[in-house]
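Worksheet: one structure, shown below.
For the single chain, residues carry numbers from 1 onward in sequence order. Note that ligands are numbered from 1 as they come in the structure, with each ligand's atoms numbered from 1 the same way.
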Amino acid sequence: MKKVITYGTFDLLHTGHINILRRAKEIGDYLIVAISSDEFNAIKNKKAYYSFEQRKAILEAIRYVDEVIPEHNWEQKIVDVQKHQIDIFVMGDDWKGKFDFLKDYCEVVYLPRTVGISTTKIKTDLNEVNNG
Ligand code: C2G
């Protein structure tokens, strides 16, 4: 069984998230998603609309996702790859090169981001709609 892992906040779920989850699952048999905790989001200077528990419940409902674990810090990836016996690490290519150190432990794949959608764009567009 080929195991895949990917990491992210996955707030205000959108087709960009779904596209990467679908493609990540397609290159393996089992997909683990490590979702950033609320505390780690603060470290990433991100304020998610949905709490970790809400984002976890949403991700667990997606057909491509087999397991959701928490992401608490930048340093846990090597341990996660070893502990979960991961074969492939996947991230969007906005992160290209940033996690190449994992090549010592598993395959590293950066997939093209979905153009034109992001959680930030959703928030901006909604603000414009509501505030005119
Ligand atoms: N993504 C994408 N296309 C978009 C938006 C996001 O492919 N239009 C991908 C990102 O490249 C990432 C994943 O969806 O691989 C999750 O994106 P975010 O929730 O924004 O995660 P991020 O803040 O990049 O956190 O340790 C890694 C970090 O936790 C990544």
For ligand 1, list all ligand N or O to protein N or O distances below 3.5 Å, rounded to 0.1 Å.
unit_1, atom_1, unit_2, atom_2, d
ligand 1, 3 (N), Thr114, N, 3.1
ligand 1, 8 (N), Thr114, O, 2.7
ligand 1, 8 (N), Ile117, O, 2.7
ligand 1, 11 (O), Gly92, N, 3.4
ligand 1, 11 (O), Asp94, OD1, 2.6
ligand 1, 15 (O), Gly92, N, 2.9
ligand 1, 19 (O), Thr9, N, 3.1
ligand 1, 19 (O), Phe10, N, 2.8
ligand 1, 20 (O), Lys46, NZ, 2.8
ligand 1, 21 (O), Thr9, N, 3.4
ligand 1, 23 (O), Lys44, NZ, 3.4
ligand 1, 23 (O), Lys46, NZ, 2.6
ligand 1, 24 (O), Trp95, NE1, 2.8
ligand 1, 25 (O), Lys44, NZ, 3.0
ligand 1, 26 (O), Glu71, OE2, 2.5
ligand 1, 26 (O), Lys77, NZ, 2.7
ligand 1, 29 (O), Ser36, OG, 3.4
ligand 1, 29 (O), Lys44, NZ, 2.9
ligand 1, 29 (O), Glu71, OE1, 2.7
ligand 1, 29 (O), Glu71, OE2, 3.4

Going by ring-ring contact (aromatic ring centres under 6.0 Å, His included), name the residues that satisfy it together with Phe99, two or more places apart in sequence or in a different chain. Phe89, Trp95
State which residues pass salt bridge (Lys or Arg N to Asp or Glu O under 4.0 Å) with Lys103; sequence neighbours excluded, sorted by chain then number. Asp100
Salt-bridge test for Lys47 and Asp11: reply yes if a basic N is under 4.0 Å from a carboxylate O, no otherwise. no
Kindly state each residue pair satisfying ring pair (Phe, Tyr, Trp, His ring centres under 6.0 Å) with at least one member in residues 29-69, sequence neighbours excluded. Phe40-Trp74
Side chains of Thr9 and Lys44: do they bring a donor and an acceptor to under 3.5 Å? yes
Gap between atom OG1 of Thr6 and atom CD1 of Ile35 - 0.5 Å precision: 10.5 Å
